[in-house]
Structures are given as C-alpha cells and as structure tokens.
Amino acid sequence: MILRGATLLDFPSLSRREGLEVHLAGGRIRRIAPPGRRGVARGEGDPEILDCSGLYLLPGLVNTHSHTAMTLLRGAAEDCTVEDWFNRYIWRYERALRPEDVYWGTLLGAAEMLLAGVTCAADHYFHMDRAWEAYRHSGMRADLAWAVFGAGEGWEGQWAQALEFSRAFAGRDPRLTVSLGPHSPYICPESFLRTAGEAAVEMKLRLHIHVAEESGQVERSLAERGCTPVEILERTGILRQGTLLAHAYWATDRDLSLIRERGAGVAHCPKTYLKFGDVNDFLPRALAAGVGVGLGTDGPGSGNSQGVFEAARDAALLAKAARRDARVARIGEVLPLCHRGGQLLGFPGYGRLEEGALADLVLLDPRTPAMTPEHDVFANILYSLGERSVHTVIVGGRVLVREGRLLGLDLEELRRKAAESAAHLKQAAGQAPLQNY
Ligand SMILES: [Zn+2]
C-alpha cells in the first residue's frame with residue numbers, strides 16, 4: 001500500500017514533512033520517499049494507493065494502561081470516593097463477570113479505541129484468554145496481563161490460570177504480547193510479588209502492575225512497612241527494565257530516580273485522578289527525572305472513555321493546574337507521550353514515521369470546525385481536536401478504520417451484546433440500581 005499526499009507530523013520535534021509517499025509492506029513502513037521513486041512493491045502486485053491529500057499522518061496512539069472490558073461498567077459509579085467506587089459499586093459487579101462479558105466488553109473497547117486513533121493498548125484484567133480473542137478479532141495491537149491479587153479466597157487458582165494463559169498465548173500472534181499482572185503492592189503480599197517477579201524472569205515476560213495510585217497508599221506503606229510502595233517493588237524484584245507501572249502518581253522524587261535507574265516505565269492516567277479530585281504535579285516531576293511515561297485511559301469504570309488524545313489533553317491541564325503554572329507540560333512535551341507507551345511495551349521505534357517502523361498509523365482530517373483555523377496544528381491536536389477528526393487507522397499495514405468508520409466490526413452487534421452483559425452484571429449484583437445520582 002502507498003499513502004500518497006499526506007503531511008507527516010512529528011510530535012517530539014513539532015515538525016512536518018510534505019511531498020512524500022509512504023510505502024507499506026509486510027506490516028511495516030518500507031520506504032518514505034518523494035513521489036516517482038518506484039520499485040518497492042515490485043513483484044508483489046500493484047500496491048493499493050490511498051489518496052491522503054489534505055490529511056495529516058502520524059504514528060498510532062498507545063493506551064498504556066486500561067482494564068478494557070470495564071466498558072461494561074462505564075458510568076456505573078460516579079461522584080464518589082475511591083473507596084466507595086470500589087467497595088460499594090465496582091466490586092459488586094466485577095465478581096459476577098463471566099468470560100463472555102470480557103470478550104464483548106473488550107471488543108467494544110477496542111472499537112472505541114480504534115475510532116479514536118488508538119492502535120495499541122496495555123490491558124490488565126481478568127479472563128484474558130477471551131480478551132485475547134477480542135483483540136485478535138479487532139485487528140488492534142495489545143499487551144495482555146491477567147490480573148492476580150495473590151491473596152484472598154481462591155487466589156492460587158487465579159494465579160494458575162494466569163500462568164497457564166501466559167504460557168499458552170505468549171508468542172501465538174505477533175500482534176499480541178503477554179505480561180504477568182500482579183495487582184499492586186497494596187493488595188499483593190510481598191511473598192507473592194517475589195513469586196511473580198521470579199516467574200516473569202523464568203518465562204521471559206514483562207510485568208504490568210499498579211503502584212502508588214493515591215497518597216494514602218504511600219502514607220500507609222511508610223507507616224506499616226517503613227518504605228514506599230515503589231521501594232516494595234524494588235525489594236521484591238518487580239522493579240526492572242520492561243516493567244510497566246500503572247500510575248506511580250504519588251511516587252516520591254527518590255522513587256522516580258529509582259524507576260528511571262531500573263528502566264521501568266509509567267502509565268499516566270490523568271482522567272481518573274481528576275475525577276477523584278486528586279491533583280498532583282507528577283507529570284512535570286517524572287519528565288524532569290527522565291522517567292519513561294506513556295498515557296493511559298485507565299478502565300472505563302473510572303476513566304469512562306478510551307481515547308488517548310483526550311488523555312493527553314487531561315495530562316496537560318492537570319499538570320498546569322497542579323503547578324499553577326501555564327508554562328509546564330508544553331505541547332512538545334505532552335504530545336509525544338501519545339506514542340511513548342509503544343516503546344515501553346517493547347516495540348522498538350514505535351511512534352516514529354521511519355523506514356522499518358511498524359505500520360501502525362493514523363490519518364487525521366483537519367477539515368473540521370474545531371481544527372480551524374490553523375495557527376498551530378499541534379495546538380489544535382492537543383487542545384481542540386474532536387474524535388471525528390480521526391479519518392483512517394492502520395494497524396500492521398491493515399486498514400481498520402476508513403473515513404471514520406470501522407471496517408471489520410459490527411457496531412450494532414457490539415452495542416447489543418454489551419448491553420446484555422451489562423444487564424447480567426446488574427442482575428447478578430442483586431438488581432440494585434447501578435447508582436442513584
Ligand atoms: Zn488500573
């Protein structure tokens with residue numbers, strides 16, 4: 001396939017290139033060259049030519065932390081504290097979760113992400129064998145971690161299932177990778193964290209874990225264990241190259257240095273923090289410390305939507321508000337985080353428009369009121385772009401969204417199946433209303 005006529009955007013340098021053709025083959029970008037130089041696809045038949053005139057081309061966006069099937073609990077617990085969110089609402093529904101609910105909830109989330117230009121997601125949830133099928137069907141790229149608490153009733157069976165899934169599914173599809181998913185240092189005992197860390201080394205897998213989501217966790221950890229949650233990950237062997245830390249929002253400056261030294265990455269999920277009224281200047285601190293930060297939406301049970309452009313906007317606004325300084329979290333610092341998660345998930349070069357990179361691409365159509373006029377296209381993308389600007393989405397060289405429409409998924413069926421699953425969860429929770437506002 002040849003993409004012809006697009007303007008190529010580069011977020012880290014806030015620069016653009018025009019007058020180039022982008023040749024895709026074998027799921028990768030094969031050549032970026034001025035028109036007229038032919039020959040790349042010779043012998044492979046005539047390549048399809050996609051007319052991209054008037055569109056902006058950029059690498060696909062990465063959702064670095066979600067619990068995607070929680071699309072089924074979108075809007076089920078609002079205007080409440082973190083404690084009430086989990087104990088009074090979410091957990092009552094989640095314990096009734098069936099494998100088929102995860103399949104349909106994940107597929108719905110994948111559809112939502114693709115329509116928002118998200119080509120890759122890191123998903124941390126349950127029944128991941130079914131989530132794996134959903135991602136495979138969707139065409140998206142994903143990393144899947146089966147969440148394990150390491151404590152409470154039946155946790156050994158949950159751990160055995162997670163290990164079995166990881167052994168059976170790792171390497172089965174080059175688009176889908178597998179990580180181990182111990183939940184967090186505030187739920188998992190240290191002995192289990194050590195076990196999970198050792199299993200990851202033995203199985204050559206990365207880890208995806210929550211840490212330091214709120215300030216209370218850090219205070220309790222210091223009072224009860226004499227060290228921060230990040231330090232617990234360090235002493236149990238979890239904190240190392242390739243580990244993905246969801247949040248680390250209340251990491252201390254010392255924690256941030258440790259995270260950078262060990263080579264772990266962080267998924268920053270600003271919408272969840274904002275919704276819980278939790279303001280902190282994590283992002284400027286983490287960037288100054290040189291930590292690898294990607295953007296995440298968190299599960300739709302707390303973050304509601306799955307768009308990474310929205311996460312970027314929230315991240316910039318949150319940082320500016322926390323510092324009470326408009327000059328922090330500048331456009332050129334925040335926009336690159338839309339792609340950064342790809343490298344944190346082990347895809348080298350992800351987020352660059354260059355020969356050899358994975359052909360995970362997004363075309364934006366700026367011909368909308370919210371993108372007009374164009375003093376600065378990068379400012380428009382960060383602060384005023386609407387989802388309808390996502391025109392085409394390509395993953396591994398395959399077009400999954402064209403002219404704002406999903407090609408391979410039946411949205412009506414998805415809506416129906418998701419509504420059925422949501423009704424099941426509501427009934428299983430005791431017919432209680434999801435929430436009275
Ligand atoms: Zn999470």
Side-chain angles (χ1 to χ4, degrees), residues 62-74 76-78 80-87 89-91 93-95 97 102 105-106 109 112-113 118 120-128 131 142-150 158 162 179-188 193 196 206-218 229-230 233 238 243-251 259 264-276 278 280 282-283 286 293-308 310-311 314-315 318 341 344-345:
V62 180
N63 183 354
T64 317
H65 178 68
S66 186
H67 314 286
T68 305
M70 290 183 85
T71 45
L72 302 176
L73 297 174
R74 197 196 312 269
E78 300 292 338
C80 57
T81 63
V82 178
E83 292 73 27
D84 282 353
W85 179 86
F86 191 74
N87 295 313
Y89 303 110
I90 296 301
W91 181 235
Y93 303 106
E94 268 191 343
R95 68 187 165 191
L97 203 65
V102 169
T106 305
E112 183 186 350
M113 285 191 270
V118 179
C120 178
D123 193 348
H124 189 280
Y125 210 46
F126 309 106
H127 303 299
M128 296 312 271
D143 180 78
L144 293 88
W146 193 310
V148 182
F149 296 128
Q158 195 187 32
S179 293
L180 293 183
H183 188 275
S184 60
Y186 60 90
I187 289 187
C188 303
L193 292 175
R206 287 176 295 100
L207 293 139
H208 182 175
I209 187 168
H210 297 89
V211 70
E213 288 157 73
E214 36 163 342
S215 57
Q217 288 172 13
V218 180
V230 169
L233 299 187
I238 298 275
T243 294
L244 179 60
L245 306 176
H247 312 303
Y249 187 51
W250 284 92
I259 292 169
V266 175
H268 183 54
C269 308
K271 193 171 177 187
T272 289
Y273 319 139
L274 285 163
K275 284 194 71 193
F276 285 123
D278 195 6
N280 176 353
F282 164 84
L283 187 62
V293 178
L295 292 168
T297 62
D298 213 346
S302 60
N304 301 62
S305 56
Q306 300 262 96
V308 171
E310 186 187 7
D314 289 339
L318 170 57
L344 302 181
L345 291 171

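One-based numbering, in listed order, for ligands and for the atoms of each.
- Backbone or side-chain N, O or S atoms of His67 reach the Zn ion (ligand 1) at under 2.8 Å.
- Remark: the backbone N or O of Asn280 is not paired with any side-chain donor or acceptor of Trp250 at under 3.5 angstrom.
- Side-chain atoms of Gln306 never come within 3.5 Å of backbone atoms of Glu112 as a donor-acceptor pair (strictly under, hydrogens ignored).
- At the Zn ion (ligand 1), the angle from NE2 in His65 to NE2 in His210 is 100° when rounded to 10°.
- No donor-acceptor distance shorter than 3.5 angstrom exists from the side chain of Ser302 to the backbone of Thr272, with no hydrogens or angles considered.
- Residue side and main chain included, His124 places no N/O/S atom under 2.8 Å of the Zn ion (ligand 1).
- Inclusion of His247 in the first shell of the Zn ion (ligand 1) is not supported: no N, O or S atom falls under 2.8 Å.
- Remark: the His65 side chain and the His208 side chain contain an N/O donor-acceptor pair separated by less than 3.5 Å.
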